[in-house]
2 protein chains.
Amino acid sequence: MNLPGLRGHNAALVLDLLRGAGGGGVGRLELAERTGLTPQAVSKIVARLRGEGLVAEAGRRASTGGKPQTLLRLVPGAGYAVGVQLERDALVAVLVDLTGVVIGERRAAVDFSDGVDSVVEVAVGAVSALVGTASAGVEAGAPRTGGCAHPFRPAERLPTALEGSAAAAGVLGVGLALPGPLDHASGVLHRVTGFPEWDGYPLREVLAERLGLPVAVDKDTNAAALGLALAGVAESFAYLHLGTGLGAGLVLGGGVYRGARTGAGEFGHQVVRMDGPLCECGARGCVEALCLAAVARGDLDEAARALGTAAGNLVALLDIDLVLLGGRTVGAAEELFVRGVGAVVAERARREGAGAAVGVRVAPGGERGVAEGAAQLVLAPLFGRASAAFPANRT
Amino acid sequence: MNLPGLRGHNAALVLDLLRGAGGGGVGRLELAERTGLTPQAVSKIVARLRGEGLVAEAGRRASTGGKPQTLLRLVPGAGYAVGVQLERDALVAVLVDLTGVVIGERRAAVDFSDGVDSVVEVAVGAVSALVGTASAGVEAGAPRTGGCAHPFRPAERLPTALEGSAAAAGVLGVGLALPGPLDHASGVLHRVTGFPEWDGYPLREVLAERLGLPVAVDKDTNAAALGLALAGVAESFAYLHLGTGLGAGLVLGGGVYRGARTGAGEFGHQVVRMDGPLCECGARGCVEALCLAAVARGDLDEAARALGTAAGNLVALLDIDLVLLGGRTVGAAEELFVRGVGAVVAERARREGAGAAVGVRVAPGGERGVAEGAAQLVLAPLFGRASAAFPANRT
DNA sequence: CTACTTTGGCAACGGTGTTGCCAAAGTGCA
DNA sequence: TGCACTTTGGCAACACCGTTGCCAAAGTAG
């Protein structure tokens with residue numbers, strides 16, 4: 001790490017604290033204490049960030065007997081990001097500002113069997129429409145933002161039709177959440193079951209080319225987990241998504257854990273019943289197979305018990321104290337699943353005599369959570385929230 | 001992070017590269033490339049470290065047409081650490097130098113039922129003896145080391161009988177590896193089954209007081225994993241220890257992953273056969289129970305299959321590509337376990353179409369591995385190898 | 001012996017966080 | 001209303017980090 005690196009690191013630290021505080025604002029002294037820097041250093045950093053238009057004053061705190069603290073906050077309009085959740089039959093895209101607040105949304109039907117080009121076209125259309133929204137919003141609302149220099153956009157390549165307006169609107173990039181295996185670093189899909197045309201397709205590169213914007217891709221569960229992590233639900237937790245399949249996103253120590261090849265969180269085929277019923281993956285006794293079979297025959301209690309068993313394994317293995325449940329199947333019977341999974345996990349924690357209780361809850365954020373998390377794939381690096389323990393990401 | 005922090009960070013980067021290279025040595029230019037710093041910055045850092053006695057020149061590389069590179073290496077005698085593996089019936093202590101090479105060993109019989117004080121006494125005796133060895137070795141071998149200022153030892157407290165000689169010998173601290181649950185951060189044991197006296201005992205504090213040296217404690221599997229990580233086996237891997245119980249140590253992204261409360265790696269009670277045979281922990285179908293039962297009836301193939309199933313779960317969940325097996329039970333039939341576990345894991349990787357093969361091997365290091373890893377609990381921080389994603393360790 | 005390559009230190013520099021100091025802006029009490 | 005006190009936060013000088021430009025040292029190649 002060199003001096004520019006140190007500068008960026010500390011700036012990200014400050015920005016992350018401001019982001020975490022939301023609209024309320026944080027005082028300089030609190031920033032100093034929480035970053036470990038001296039108040040004077042924080043003042044300098046804040047002055048720089050104010051000059052770049054990223055940070056602004058947000059009123060004052062009540063005096064405690066002296067000069068009242070000036071509160072600071074992020075400037076929401078200093079940057080935007082688009083998040084796209086692509087499923088096999090639908091696409092959800094959101095536009096969020098620098099603080100992560102959704103300020104635009106587009107939904108569209110897609111069909112993977114229509115071919116790659118068709119789906120890319122729909123995605124480009126949705127993103128373009130949202131970038132237009134950002135452009136309009138900026139022009140109407142925040143006066144100075146369009147004019148100030150955005151420190152994030154190198155803008156090296158030939159401008160596309162979109163790029164001009166995107167840059168003007170301060171759209172920093174596009175995050176794309178996809179089901180199934182892929183490579184986060186290279187942005188290439190793998191083994192899209194049933195759609196061989198998609199296998200190995202360099203989706204990130206193609207979209208970046210078409211949009212003229214940086215594009216980051218990740219698994220949908222990782223995106224959801226990232227969104228939850230930035231929302232501050234916990235330092236470490238697991239997000240379990242039970243929909244048409246079963247997957248997980250792991251947040252360990254504040255960052256999404258993706259493993260060596262973005263494969264971490266492959267939760268559906270955890271074997272919890274050796275020599276059990278055959279799963280479509282070829283193995284026997286996978287949680288996903290047990291869960292979905294139980295759901296299919298209406299036995300939700302048993303589905304929750306299977307899910308709870310696998311969740312308990314995960315909790316014990318990684319020593320985390322929060323499990324968040326999401327996905328359509330969970331959504332259809334939230335209380336039942338929370339109670340069922342919670343019971344198994346709690347029983348196990350009780351037996352192992354662990355101290356703090358492990359929380360099992362429904363993931364906040366609802367249906368848009370994945371798309372919002374996808375947008376955070378773009379914003380997170382600004383706040384020093386790149387993924388934890390993921391060497392391939394260090395490039 | 002401030003400037004002294006940056007300085008320390010970069011120094012640790014350089015020291016870690018030198019450690020990784022072993023006695024062979026590394027050139028300044030290679031250090032520059034691998035740290036991302038300029039050659040001049042590396043020169044300055046190396047000059048500081050040479051002044052502190054931590055780094056020395058180690059000959060020259062053959063010329064490539066110009067001035068030959070001066071190779072650099074760690075000075076082994078610049079610091080020592082003691083690693084102690086404490087089991088219920090035995091204690092192994094080793095003295096290692098800064099490069100991790102073992103230069104002394106003590107073994108002793110202990111009995112937990114003799115009480116805490118008795119065991120502490122044995123440990124203190126073994127450590128003291130080894131510190132004496134270091135003292136002697138230093139006086140005989142490396143001439144300047146005793147005299148040079150050790151930057152690691154604040155030496156604030158009242159000197160104990162031992163502390164004088166320990167400081168003189170450059171012993172930086174003691175690492176202690178223990179079976180079962182404990183708190184790495186506070187150094188307190190939990191739930192030592194069958195020995196209630198040990199429960200909640202502040203072992204780290206007591207030992208530190210008695211020895212007058214810093215003491216770090218950790219689970220035995222974590223210590224072993226740390227040793228393997230520093231030996232450079234892989235960036236991410238799992239160490240599975242099958243002895244009288246079954247545990248795991250996880251290394252994710254270069255550092256030991258301990259979770260929120262040092263509980264990560266609780267592998268033995270991963271449920272792989274829901275509603276299976278009752279385990280002594282109260283659950284049903286734990287790997288440990290299945291494995292040990294199979295071993296007890298002589299069916300090692302089945303034990304390996306159960307272990308392989310759980311290992312496969314872990315590999316898929318964390319996306320790692322190396323599993324190392326250790327422990328007495330594995331040692332008794334190494335090839336069988338490697339083949340059995342490897343077959344299950346490979347079969348699963350094949351089904352999931354993963355690219356790179358997952359390696360399953362016997363952990364190198366043998367019986368002393370845990371004690372050596374325990375010593376690295378002291379040395380690792382010097383090389384910037386504090387645990388990954390472990391917030392409680394940031395203090 | 002000369003020309004060239006490569007290494008690595010010296011000196012000056014820009015920029016980081018830190019320290020010492022003090023103006024600004026409040027409260028509290030006489 | 002006025003003075004003392006507290007707290008905030010900027011200004012200026014500073015120490016120290018990595019960087020840049022330069023060049024001596026130490027080899028090879030012909």
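Each chain gets a letter, A, B and so on, in the order its sequence line appears, and its residues count up from 1. Note that these values count all heavy atoms, side chains included, but never hydrogens, waters or copies made by symmetry.
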Examine distances only and state if a side-chain atom of [X] and a backbone atom of [Y] form a donor-acceptor pair shorter than 3.5 Å.
X: B:T262; Y: B:R258; result: no
X: B:D218; Y: B:A223; result: no
X: A:R7; Y: A:N2; result: no

- Specify the residue among A:R7 and B:G27 whose closest nucleotide of DNA chain C lies further upstream toward the 5′ end. B:G27

- Task: For B:L3 and for B:R28, find the nucleotide of DNA chain C with the closest heavy atom, then tell me which residue's nucleotide is more 5'.
- Result: B:R28

- With respect to the phosphate group of D:dG18, does any side-chain polar atom (N or O) of B:N10 fall under 4.0 Å of OP1 or OP2? yes

Return the minimal non-hydrogen interatomic distance between [X] and [Y], and the atom names on each side.
X: A:A185; Y: A:D183; answer: N-OD1, 2.8 Å
X: B:L74; Y: B:P76; answer: O-CD, 3.2 Å
X: B:R261; Y: A:D319; answer: N-OD2, 2.6 Å

- Between B:Q40 and A:L29, which is nearer to the 5' end of DNA chain D once each is assigned its nearest nucleotide? A:L29

Find out whether [X] and [Y] are in side-chain contact, i.e. whether some heavy atom of one side chain is under 4.5 Å from a heavy atom of the other.
X: B:L379; Y: B:L230; answer: no
X: B:L250; Y: B:V256; answer: no
X: B:Q376; Y: B:R385; answer: no

Write down the protein N/O and nucleotide N/O pairs, taken from nucleotides 27-30 of chain D, whose separation is under 3.5 Å; answer none if there are no such pairs.
unit_1 : atom_1 : unit_2 : atom_2 : d
D:dG27 : OP1    : B:R60  : NH1    : 2.4
D:dG27 : N2     : B:G65  : O      : 3.2

- Task: For the helix from C:dC1-D:dG30 to C:dA30-D:dT1, figure out the bend between the end axes, five pairs an end, and round to 10 degrees.
- Result: 0°

Atom-pair distance ([atom1] on [X]; [atom2] on [N]), nearest Å:
X: B:R48; N: D:dC16; atom1: CZ; atom2: P; answer: 11 Å
X: B:L31; N: D:dG18; atom1: CG; atom2: P; answer: 14 Å
X: B:N2; N: D:dA15; atom1: CG; atom2: P; answer: 17 Å

- Query: Quick check: are there more than 12 heavy atoms from other residues, nucleotides or ligands sitting under 6.0 Å from CD of B:E57?
  - Reply: yes

- Select base, sugar-phosphate, or nothing to describe what B:Q69 touches, counting heavy atoms under 4.0 Å on all strands. sugar-phosphate

- Query: Quick one: do B:R48 and B:E52 make a salt bridge, cutoff under 4.0 Å?
  - Reply: no

- Query: Going 5' to 3' on DNA chain C, which nucleotide is the first and which the last to come under 4.0 Å of a heavy atom in chain A?
  - Reply: C:dG14 to C:dT27

